[in-house]
Amino acid sequence: QVQLVESGGGLVLAGGSLRLSCAASGRTFSNYVMGWFRQAPEKDREFVASISWSGAGTYYADSVKGRFTISRDNAKNTVYLQMNTLKPEDTAVYYCAAARQLTSTYYRPDQYNYWGQGTQVTVSS
């Protein structure tokens, strides 16, 4: 089992920045691919970004590419999502997720085995 706890969400003006953190406990953190997803009201959960075990590989949704950066610190069992130039359409609950392996469908929620409880991000215009 892997337990994931997100933090860092909040209310920010458009154009502002937030950094989300996800602290992991349980099994060896460095064995897992980590991802961030988000879900807005009445919408499906969508992929935001993912990062490989070592951090060498990172993947982004087109909607956040160039604005968001995913990173991880395996010594601290934590994955981060730095979000810059935020837009109102980024408003959603953001979820951290862990997967046992990286596949070509890393953007699909069903590829991930463990999920956090989510943290709300609200961007006002």
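Count residues from 1 along the sequence.
- How far CE of M83 is from CZ of R19: 11.5 Å, rounded to the nearest 0.5 Å.
- In summary, the side chains of R72 and Y32 do not present any donor paired with an acceptor at a separation below 3.5 Å, with no hydrogens or angles considered.
- Closest approach of Q111 to T103, counting heavy atoms only: OE1-OG1, 3.3 Å.
- Under the 6.0 Å cut-off for aromatic ring centres, W36 and F47 do not qualify, their centroids lying 6.0 Å or more apart.
- Annotation for A49 and L81: closest pair CB-CD1, 4.3 Å, computed over non-hydrogen atoms.
- Donor-acceptor pairing under 3.5 Å is recorded for the side chains of N84 and S17.
- Closest heavy-atom contact between F68 and V48: CD2-CG1, 3.7 Å.
- K43 contributes atom NZ, which lies 8.5 Å from atom CZ of R38 (distance to the nearest 0.5 angstrom).
- A 4.5 Å side-chain heavy-atom check between Y95 and E6 finds at least one atom pair inside the cut-off.
- A pairwise comparison of heavy atoms in V5 and Q117 identifies CA-OE1, 3.8 Å as the closest pair.
- The backbone N or O of G35 lies less than 3.5 Å from no partner atom in the side chain of S50, so there is not a single donor-acceptor pair.
- Grouping the Ile, Leu, Val, Met, Phe, Trp and Tyr side chains by contacts below 4.5 angstrom, directly or via other members, places L18 with Y94.
- Taking OG from S124 and CG from L11, the interatomic distance works out to 5.0 Å, rounded to the nearest 0.5 Å.
- Within a 6.0 Å radius of CG in D44, no more than 12 heavy atoms belonging to other residues, nucleotides or ligands are found.
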(message) Determine whether F29 and V79 satisfy the following criterion, side-chain contact (heavy atoms from CB on, under 4.5 Å), listing intermediate values before the conclusion.
(response) CA-CA 10 Å; F29 176 73; V79 62; 4.3 Å; yes
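- Using a 3.5 Å distance cut-off with no hydrogens or angles, the side chains of T28 and S30 do not pair a donor with an acceptor.
- Between the CG atom in L20 and the OG1 atom in T78 there is a gap of 12.5 Å [rounded to 0.5 Å].
- With a 4.5 Å cut-off on side-chain heavy atoms, M34 and L4 count as touching.
- Residues I70 and Y60 approach most closely at N-OH, 2.9 Å, considering heavy atoms.
- Aromatic rings of Y59 and Y106 (six-membered ring for Trp) have centroids within the 6.0 Å cut-off, being under it.
- T91 and A40 make their closest contact through O-CB, 3.8 Å (heavy atoms, listed as atom of the first residue, atom of the second, distance).
- Here the side chain of R67 pairs a donor or acceptor atom with the backbone of S63 at under 3.5 angstrom.
- Going from atom CG of D90 over to atom OG1 of T122 covers 11.0 Å, rounded to the nearest 0.5 Å.
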(message) As a quick check of understanding, evaluate side-chain contact (heavy atoms from CB on, under 4.5 Å) for D73 and Y80, giving each step before the final call.
(response) CA-CA 8 Å; D73 185 338; Y80 305 97; 4.1 Å; yes
(request) Quick one: do K65 and D62 satisfy salt bridge (Lys or Arg N to Asp or Glu O under 4.0 Å)? Show the steps, please. (result) CA-CA 5 Å; K65 203 170 294 182; D62 288 343; 3.2 Å; yes
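- A single hydrophobic cluster is not seen to contain both L102 and Y114; linkage of ILVMFWY side chains at heavy-atom distances under 4.5 Å, directly or through other members, places them apart.
- Interatomic distance, W115 CH2 to N113 CG, rounded to the nearest 0.5 Å: 10.0 Å.
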